[in-house]
Amino acid sequence: MDNIRIVGGARLAGSIPISGAKNAALPILCASLLADGDHVFRNVPDLRDIGTMTKLLSHLGLETSFEDGVVRVRGCTVGDADAPYELVKQMRASVLVLGPLVARYGKARVSLPGGCAIGARPIDQHLRGLEAMGAKIELAHGYVNVVVPKGQLRGAEVVFDIPTVGGTENLMSAAVLARGRTTLVNAAREPEVEELARVLNKMGASVEGAGTDVIVIEGVDQLEPVDHAIIADRIEAGTYMVAAAATAGDVFLDHVTFDHLEALAAKLREAGVEVEREGSGVRVARRGELRATSATTAPHPGFPTDMQAQFMMLMCLARGRSVITETIFENRFMHVPELNRMGARIEARGRVATVEGVDSLSGAEVMATDLRASASLVVAGLVAKGVTEVLRVYHIDRGYEHIEDKLRALGATIERVPGRI
Ligand code: UD1
């Protein structure tokens with residue numbers, strides 16, 4: 001497996017475009033299961049997770065192609081509504097086929113995703129919602145079997161125990177073809193949920209309230225194929241914003257929806273970083289010292305858990321002590337021991353990490369077992385003295401399109417090298 005090798009010390013400067021949002025593209029690709037015909041999805045990032053999703057759709061019998069950021073899917077009636085372990089284990093978001101399959105075919109068999117590196121991540125809320133809509137659920141041999149005895153789901157009121165992004169997306173995609181009205185209460189408000197609703201409505205669905213915590217869906221009989229360009233990836237943008245701040249750089253990120261980045265922008269400003277909305281993008285620069293700034297992750301519009309590792313890395317370089325609290329996932333501090341190996345001073349206890357700023361980090365061989373933790377290590381490598389090698393680049397390729405090219409365009413010394421083990 002390849003590694004990413006970085007020689008630290010360069011101040012990032014210049015301009016790069018931000019890619020389409022992986023987490024918006026995944027549920028939207030699944031929505032192609034809801035209607036026959038030719039779907040076109042534009043601005044799709046070329047990422048491993050997208051490849052896994054198109055493989056899953058192909059496995060279900062849909063024709064897919066991917067060229068120059070455009071995914072074409074020919075929707076058709078699937079044979080077996082079955083998502084095998086082999087694909088689901090590669091990417092938890094495979095479970096997002098569940099809602100569309102059950103809505104369209106009244107049945108589905110999907111491998112349980114199991115635990116993953118950042119916590120248990122159950123899907124009980126997805127299943128409880130489908131049950132409320134009339135589905136029967138059976139768990140056997142590592143699979144969840146869902147059957148709707150009457151063939152068609154019926155609308156229901158579903159109150160989530162916690163706002164879940166995937167759960168909201170799955171139930172929204174199920175409800176669009178259900179009989180009658182579904183109300184999702186305590187729904188996730190993430191921009192990716194709103195984007196999925198936009199696409200479903202373009203397909204002829206009736207979804208109202210996405211982006212708030214109550215979403216109302218009136219079921220319709222049939223949906224049409226769609227042509228849609230995906231929104232920008234706010235987490236990719238956020239990661240480069242942190243990289244610009246960490247290196248005391250001056251960077252313009254183009255094709256960004258600034259409104260999706262408010263919580264991060266506020267924290268960066270608190271830390272002494274200049275963040276300005278400029279036309280279709282955002283400009284991030286740092287001239288002075290970083291101030292220690294505490295942050296607590298929360299569902300949108302709060303501080304995103306997907307930016308926690310990168311922001312913690314930034315705080316390693318700030319003057320003073322900051323406290324980073326993770327409230328969404330129970331095991332999301334895998335970057336802590338690795339950053340400490342690079343000279344950081346972080347103490348993690350349960351869901352709280354206390355960071356004492358240090359003057360500098362030193363390059364090392366490091367490895368993380370999840371996507372955003374790996375991203376934080378790449379940013380750490382950009383500022384560390386000497387050479388950093390981030391192993392298992394696999395994780396980065398799940399979520400960052402052409403990361404070396406983009407960072408190199410901003411002046412970083414970074415390359416992909418063959419791994420030794
Ligand atoms: C999505 C994002 C992920 C992000 C996360 C939180 C995608 C593909 N992934 O993941 O990048 O970190 O939102 O913003 O969009 N939970 C339950 N029961 C359930 C569902 C969730 O207990 O049925 C818990 C999870 O374990 C977690 C919390 O709810 O602690 C939030 O999870 P959720 O919002 O569902 O995350 P994902 O959709 O998996």
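Order of listing sets the numbers, starting from 1, for every ligand and every atom in it.
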Quiz item: Between Gln125 and ligand 1, does any nitrogen or oxygen pair lie at a separation below 3.5 Å?
Solution: yes
Quiz item: Taking distance alone, with no angle check, do Thr305 and ligand 1 share an N/O pair under 3.5 Å?
Solution: no
Quiz prompt | Least distance between heavy atoms, Val390 atom then Ile6 atom | solution = CG2-CD1, 4.4 Å
Quiz item: Where on Arg92 is there a heavy atom closer than 4.0 Å to ligand 1, on the side chain, on the backbone, on both, or on neither?
Solution: side chain
Exercise. Count the heavy atoms of every other residue, nucleotide or ligand shown that sit under 6.0 Å from CZ of Arg181, and state whether that count exceeds 12.
Key: no
Quiz prompt | Asp259 bridged to Arg277 by N-O distance under 4.0 Å | solution = yes
Quiz prompt | Short N or O distance, Asn23 and ligand 1, threshold 3.5 Å exclusive | solution = yes
Quiz item: Is any side-chain N of the basic residue among Asp49 and Arg398 closer than 4.0 Å to the acidic one's carboxylate O?
Solution: yes
Quiz item: Val165 to ligand 1: N or O pair under 3.5 Å?
Solution: yes
Self-check item: Greater than 12 external heavy atoms within 6.0 Å of Tyr85's OH
Solution: no
Exercise. Answer yes or no: is there an ion pair linking Arg332 with Glu326, defined by an N-O contact shorter than 4.0 Å?
Key: no
Practice problem: Would you mind telling me if ligand 1 is within reach of the side chain of Glu326, the backbone, both or neither, using heavy atoms under 4.0 Å? | Solution: neither
Quiz item: Looking only at heavy atoms, is any part of Ile235 under 4.0 Å from ligand 1, and if so is it the side chain, the backbone, or both, or is it neither?
Solution: neither
Quiz item: If you measure from each heavy atom of Met307 to ligand 1, is any distance below 4.0 Å?
Solution: no
Quiz item: Are Glu192 and ligand 1 in contact, using a heavy-atom cut-off of under 4.0 Å?
Solution: no
Quiz item: N/O of Gly166 under 3.5 Å from N/O of ligand 1, yes or no?
Solution: yes
Practice problem: Would you mind checking if Arg416 and Asp397 are paired as a salt bridge, meaning a charged N to carboxylate O distance below 4.0 Å? | Solution: yes
Quiz prompt | Distance-only N or O hit between ligand 1 and Gly167, under 3.5 Å | solution = no
Practice problem: Take every heavy atom of Ala188, measure it against each atom of ligand 1, and state whether any distance is under 4.0 Å. | Solution: no
Quiz prompt | Between Gln308 and His335, a side-chain donor and acceptor under 3.5 Å | solution = yes
